[in-house]
Amino acid sequence: MLSTQYNKVFALVDCNHFYVSCERVFNPKLLNKPVVVLSNNDGCTVSLSTEAKNIGLTRAVPIFEHKDLVKKYNVQTLSSNYTLYGDMSHRVMMTLKQFSPNIEIYSIDEAFLSFHGFKVNLTDYAKTIRDTVFQWTGIPVSIGIAPTKTLAKLANHLAKKDPDNSGVYNLLEERNIDTVLSHVEVRNLWGVGSRYSKMLNREGIYTAYDLKSVDDQWIRKKMTVMGLRTAYELRGLSCIDLEHAPSPRKSIVCSRSFGKSIESLRDLREAVSNFVTRASEKLRSQDSLVSSVSVFLETNSFKVNEPQYNNSITTPLPKPTSYTPEIISHTLKGLDRIYKSGYRYKKAGVLFLGIIPNKDIQLDFFIEHNPRKNALMKAVDCINEQFGSDTIRCLSSGFKHKWKMNQNNVSQRYTTRWTEILTVKI
DNA sequence: TCTGGGGTCCTAGGACCC
DNA sequence: TCTGGGGTCCTAGGACCC
């Protein structure tokens with residue numbers, strides 16, 4: 001089947017067990033061994049090497065549930081190192097940009113490329129991409145090619161699943177796509193999560209082929225327009241286009257589980273100050289202002305015998321701002337109002353809402369325009385960028401950080417700190 | 001002992017306005 | 001005997017993604 005039959009051609013490039021692969025680039029001892037990278041606080045499994053999967057470890061599971069396997073097979077368990085993964089992601093994406101002018105960076109380890117109008121053998125082209133990314137960054141990727149994004153995701157799934165495909169699966173070369181779709185379970189589709197897949201199975205819909213054959217009205221009713229779009233895309237009709245420029249965030253969250261539960265308001269205020277500081281940095285990096293801020297706190301819901309208390313409060317700010325001290329001050333007032341003593345808090349966080357671009361606000365007469373505050377924040381961001389996060393910060397962010405998350409086995413920031421660069425002994 | 005974090009979109013229902 | 005109705009905005013909740 002020729003690609004010219006379709007209006008569009010997408011490739012989805014997805015890094016194989018990305019976090020584990022990043023760690024392996026700088027630590028070859030991890031090659032060919034079961035390796036797991038854990039979530040924040042060393043809680044759940046998030047990235048697993050093939051060897052780890054083969055001995056029975058699974059994703060998104062608390063690591064302590066796997067402790068027998070970890071011990072038996074000497075599984076390497078690593079804390080997550082987002083500084084490293086973020087930088088490696090950037091390298092992969094820069095490499096991919098060599099291969100198509102139209103690219104959408106979809107997540108830290110995935111990108112959609114448009115192959116539309118390319119007059120080459122796309123399967124061979126994808127293999128070249130795969131080899132180049134590996135050579136330039138050390139990261140293995142899989143590539144799926146199809147006429148819609150949903151089918152490209154599906155093709156990528158098949159590229160990963162079958163080793164015979166050598167990491168590339170081109171659905172355009174398939175004679176009978178329906179036969180392929182009838183072997184893919186609905187739960188593996190992009191846009192169908194665990195709730196929907198259970199519902200679909202109850203209704204007798206098991207495969208991608210089943211879903212694409214269902215009546216439009218029925219899907220619309222049961223799965224909203226999002227589900228209908230998935231069905232169209234499975235039929236080869238492209239409904240979701242590439243998004244070239246990342247749109248600014250409409251909300252910004254910063255929240256953490258604590259390494260150990262904390263009880264005092266003092267420690268909570270310190271933690272929340274830090275969360276506001278992080279969120280404000282993100283806010284300024286997209287040149288926006290925030291108009292209201294939520295703060296929430298939670299006890300440990302897994303400890304059923306402990307008293308539970310969860311609450312949140314949303315505080316409107318007097319005027320939209322990106323000035324950290326001001327946002328901290330209002331957020332802490334909210335925290336003081338919902339805090340109750342006598343509970344062991346496990347998690348807290350802040351949520352910025354009503355985010356507006358800075359440029360949209362400048363003509364408003366009532367907005368205080370304070371160039372000194374802006375200049376101050378710019379200078380602080382600049383210094384922290386160069387000398388490390390929190391080189392300059394608010395006093396309310398504290399020093400003790402009793403609530404700090406567990407990170408028992410974190411690798412070095414090999415690519416972004418001169419002091420942590422890899423040394424080779426010959 | 002130990003259970004992640006950060007986003008998006010859609011829909012229904014209530015408040016409010018004229 | 002009694003009945004308005006349509007539009008917009010906001011929010012909470014539920015689904016999804018990585």
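These values consider heavy atoms only, across backbone and side chains, with no hydrogens, waters or symmetry-generated copies.
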Can you tell me how far [atom2] of [N] sits from [atom1] of [X], to the nearest Å?
X       : N       : atom1 : atom2 : result
F258(A) : dG4(B)  : CZ    : P     : 13 Å
M93(A)  : dC18(C) : CE    : C1'   : 11 Å
H157(A) : dC18(C) : NE2   : P     : 12 Å
H66(A)  : dG4(B)  : NE2   : P     : 14 Å
E110(A) : dC17(C) : CD    : C1'   : 9 Å
F296(A) : dA12(C) : CZ    : P     : 14 Å
R278(A) : dG5(B)  : CZ    : P     : 15 Å
K149(A) : dC17(C) : NZ    : P     : 14 Å

So what does [X] touch, heavy atoms closer than 4.0 Å: a base, only the sugar-phosphate, or nothing?
X       : answer
I252(A) : sugar-phosphate
K222(A) : nothing
E65(A)  : nothing
D42(A)  : nothing
K153(A) : sugar-phosphate

Choosing from [options], which nucleotide comes nearest the side chain of [X]?
X       : options                 : answer
F302(A) : dT3(B), dC17(C), dT1(B) : dT3(B)
V225(A) : dC10(B), dT3(B), dG4(B) : dC10(B)
N40(A)  : dC10(B), dG4(B), dT3(B) : dG4(B)
P62(A)  : dT3(B), dG4(B), dG7(B)  : dT3(B)
C44(A)  : dC18(C), dG4(B), dC2(B) : dG4(B)
F64(A)  : dG7(B), dT3(B), dG4(B)  : dT3(B)

Do the side-chain N or O atoms of [X] get closer than 4.0 angstrom to the phosphate oxygens (OP1, OP2) of [N]?
X       : N       : value
K260(A) : dC2(B)  : no
K250(A) : dC9(B)  : yes
R220(A) : dT11(B) : yes
R256(A) : dG6(B)  : yes
S255(A) : dG6(B)  : yes
K346(A) : dT3(B)  : yes
S107(A) : dC17(C) : no
K347(A) : dG5(B)  : yes

Begin from the C-alpha positions of K319(A) and E326(A) and carry the test salt bridge (charged side-chain N to carboxylate O under 4.0 Å, His left out) through to its verdict. CA-CA 10 Å; K319(A) 48 195 176 301; E326(A) 193 179 345; 3.8 Å; yes

Using 0.5 Å steps for rounding, measure from the CG atom of N81(A) to the CD atom of E420(A).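 So the gap between those two atoms works out to 8.0 Å.
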
5'-most by nearest nucleotide on DNA chain B - S251(A) or A60(A): A60(A)

If you assign G43(A) and M226(A) each to the DNA chain B nucleotide with the nearest heavy atom, which residue ends up on the more 5' nucleotide?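 That would be G43(A).
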
Around atom CZ of F26(A), are there more than 12 heavy atoms from other residues, nucleotides or ligands closer than 6.0 Å? yes

Using 4.0 Å as the upper bound for N to carboxylate O, is an ion pair formed by [Y] and [X]?
X       : Y       : result
D87(A)  : R91(A)  : yes
E203(A) : K222(A) : yes
R24(A)  : E51(A)  : yes
K402(A) : E270(A) : no
K149(A) : D241(A) : no
D215(A) : K221(A) : no

Taking the six-membered ring for Trp and the single ring otherwise, decide whether the centroids of Y125(A) and F115(A) are under 6.0 Å apart.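 Yes - the distance between ring centres of Y125(A) and F115(A) falls below the 6.0 Å cut-off.
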
Range-with-range stems for DNA chain C, at least three Watson-Crick or G-U pairs under 3.5 Å: B:5-18 with C:5-18

Can you name the atoms? Protein N/O to nucleotides 13-16 of chain C N/O, anything below 3.5 Å, with the distance.
from    : atom 1 : to      : atom 2 : distance (Å)
dA15(C) : OP2    : R195(A) : NH1    : 2.5
dC16(C) : OP1    : G193(A) : N      : 2.9
dC16(C) : OP1    : G193(A) : O      : 3.2
dC16(C) : OP1    : R195(A) : N      : 3.4
dC16(C) : OP1    : Y196(A) : N      : 2.8
dC16(C) : OP2    : R195(A) : N      : 3.4

Expressed as a whole number of Å, how far does the C1' atom of dC17(B) sit from that of dG4(C)? 14 Å

Can you label the angle between the Y85(A) ring and the Y19(A) ring as parallel, tilted or perpendicular, going by 30° and 60°? parallel

Mutual orientation of the aromatic rings belonging to Y343(A) and Y345(A) [parallel < 30°, tilted 30-60°, perpendicular > 60°]: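 Aromatic pair Y343(A)/Y345(A) classed tilted.
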
